[in-house]
Amino acid sequence: MRKPCCDKQHTNKGAWSQQEDQKLIDYIQKHGEGCWRSLPQAAGLLRCGKSCRLRWRNYLRPDLKRDGFGEDEEDLIIRLHALLGNRWSLIAGRLPGRTDNEVKNYWNSHIRKKLESSHRNIGFTRLRAEISSAARSKSQANDPETFVAVSDSNGGKPEPSNKSSSGINLDLTLSIPSKKLESSDEN
DNA sequence: AATTCAATCAACCGCGGTCGT
DNA sequence: TACGACCGCGGTTGATTGAAT
């Protein structure tokens with residue numbers, strides 16, 4: 001049997017210090033992302049693996065954008081959310097340099113309010129239905145049997161084509177999600 | 001200047017799916 | 001095949017910051 005994830009009695013909680021960040025960065029730069037369970041001890045961190053993973057993915061990863069969301073990113077989030085609902089990781093997978101947590105926070109703090117006020121007149125559900133319908137038509141034209149979920153067969157990374165000027169994949173073609181192993185390039 | 005309120009965002013928690021024993 | 005740990009995800013919380021009074 002496996003050992004427990006972590007001993008919560010001996011782990012730090014709350015905000016990360018600069019030293020902790022540096023330790024995590026140094027370790028991952030040397031060894032790469034791997035077994036989060038053993039990482040804290042190996043890196044000399046008094047954190048649970050889950051916390052390390054979250055810190056790295058949401059804040060420390062070098063490919064993260066730290067600037068605000070652009071208009072095309074916001075538009076894409078709205079469209080993807082109409083299709084997928086709260087599947088933040090899938091939505092974030094279509095937005096290079098963005099994390100699921102970031103997208104989720106942005107939706108809850110900005111977009112939702114914006115939509116609620118701006119679409120009060122025509123009805124948000126109607127807008128959502130229209131977007132879904134349009135996407136479904138497009139998808140079914142390509143392959144009717146693949147309308148299941150947005151594909152992460154490329155590991156959630158955008159294809160080179162159909163990109164906006166800011167590098168966002170605006171192609172909403174849908175397909176059957178691939179196995180996790182095939183998309184495990186995030187590890 | 002002090003206080004209150006709202007907005008933002010990093011981090012935690014709990015759950016479900018997957019995988020190892 | 002069953003059990004339990006690991007991993008990733010979505011929901012939620014709490015600390016911080018800025019605006020309003």
Side-chain angles (χ1 to χ4, degrees), chain A residues 1-25 27-28 31-71 73-74 76-118 124 128 148-158 174-187:
Chain A
M1 280 303 149
R2 298 179 181 185
K3 295 172 188 171
C5 166
C6 56
D7 182 356
K8 290 189 177 179
Q9 287 181 331
H10 299 98
T11 55
N12 290 341
K13 288 174 79 173
W16 281 63
S17 67
Q18 279 195 334
Q19 291 94 326
E20 286 178 309
D21 281 346
Q22 199 53 54
K23 280 183 182 177
L24 183 57
I25 291 167
Y27 183 86
I28 291 177
H31 303 94
E33 289 180 58
C35 179
W36 293 109
R37 183 186 155 273
S38 59
L39 186 147
Q41 195 179 8
L45 289 162
L46 291 174
R47 295 272 179 177
C48 85
K50 220 171 175 177
S51 180
C52 293
R53 176 186 158 272
L54 204 67
R55 182 65 178 171
W56 173 254
R57 294 195 58 161
N58 288 339
Y59 200 81
L60 298 176
R61 260 166 49 201
D63 59 323
L64 290 180
K65 288 183 190 173
R66 304 303 307 172
D67 51 341
F69 282 80
E71 273 186 38
E73 285 179 302
E74 185 176 312
L76 184 57
I77 291 169
I78 292 167
R79 288 166 183 274
L80 286 168
H81 187 270
L83 281 170
L84 300 165
N86 299 351
R87 307 282 298 278
W88 303 116
S89 61
L90 282 177
I91 294 171
R94 292 269 159 170
L95 292 158
R98 302 297 186 188
T99 69
D100 53 355
N101 208 31
E102 200 176 6
V103 172
K104 179 172 59 183
N105 282 333
Y106 188 71
W107 175 271
N108 287 329
S109 60
H110 292 84
I111 301 177
R112 193 171 59 181
K113 288 172 192 168
K114 206 169 167 179
L115 287 178
E116 278 171 2
S117 59
S118 66
F124 177 59
R128 184 179 164 143
V148 178
V150 167
S151 170
D152 61 350
S153 59
N154 56 355
K157 289 176 183 166
L174 307 178
S175 63
I176 296 168
S178 59
K179 286 180 184 177
K180 278 206 161 179
L181 279 176
E182 290 167 357
S183 61
S184 62
D185 56 347
E186 60 187 357
N187 289 333

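Just so it is clear: chains get the letters A, B, ... in the order the sequence lines come, proteins before strands, and each one is counted from 1.
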Who pairs with A:R98 by salt bridge (Lys or Arg N to Asp or Glu O under 4.0 Å), at least two apart in sequence or on another chain?
-> A:D67, A:E73, A:E102
Between [N] atom [atom2] and [X] atom [atom1], what is the distance in whole Å?
X      : N      : atom1 : atom2 : answer
A:I111 : B:dA7  : CD1   : C1'   : 15 Å
A:L39  : C:dC6  : CG    : C1'   : 14 Å
A:Y59  : B:dC9  : OH    : C1'   : 10 Å
A:W16  : B:dC9  : CH2   : C1'   : 17 Å
A:W56  : B:dA10 : CH2   : C1'   : 17 Å
A:N12  : B:dA10 : CG    : C1'   : 16 Å
A:E102 : B:dT8  : CD    : P     : 14 Å
A:D100 : B:dA11 : CG    : P     : 14 Å

Counting side-chain heavy atoms from C-beta on, which of C:dG10, B:dC9, C:dC6 comes nearest to A:R37?
-> C:dC6
Phosphate contact ([N] OP1 or OP2) by [X] side-chain N/O below 4.0 Å:
X      : N      : value
A:H110 : B:dA7  : no
A:R66  : B:dA10 : yes
A:R53  : C:dC9  : yes
A:R47  : B:dA11 : no
A:S89  : C:dG8  : no

Close side-chain approach of [X] and [Y], heavy atoms under 4.5 Å:
X      : Y      : answer
A:N101 : A:L54  : no
A:W36  : A:K50  : no
A:F69  : A:H110 : no

How many angstroms lie between atom [atom1] of [X] and atom [atom2] of [Y], to the nearest 0.5 angstrom?
X      : Y      : atom1 : atom2 : result
A:D100 : A:N58  : CG    : CG    : 6.0 Å
A:W88  : A:W107 : CH2   : CH2   : 6.0 Å
A:E20  : A:L46  : CD    : CG    : 7.5 Å
A:L80  : A:R94  : CG    : CZ    : 7.5 Å
A:S51  : A:N12  : OG    : CG    : 9.0 Å
A:I91  : A:Y106 : CD1   : OH    : 13.5 Å

For nucleotides 17-19 of chain C, tabulate all protein N/O to nucleotide N/O atom pairs closer than 3.5 Å, reporting atom names and distance.
none

Under 3.5 Å, is there an N or O donor on one side and an acceptor on the other linking the side chain of A:K13 and the base of C:dG14?
-> no
Could you list the protein-to-nucleotides 11-13 of chain C atom pairs, N/O on both sides, closer than 3.5 Å?
unit_1	atom_1	unit_2	atom_2	d
C:dG11	OP1	A:N86	ND2	2.8
C:dG11	OP2	A:N86	ND2	3.3
C:dG11	OP2	A:W88	NE1	3.0
C:dG11	N7	A:K104	NZ	2.5
C:dG11	O6	A:K104	NZ	3.1

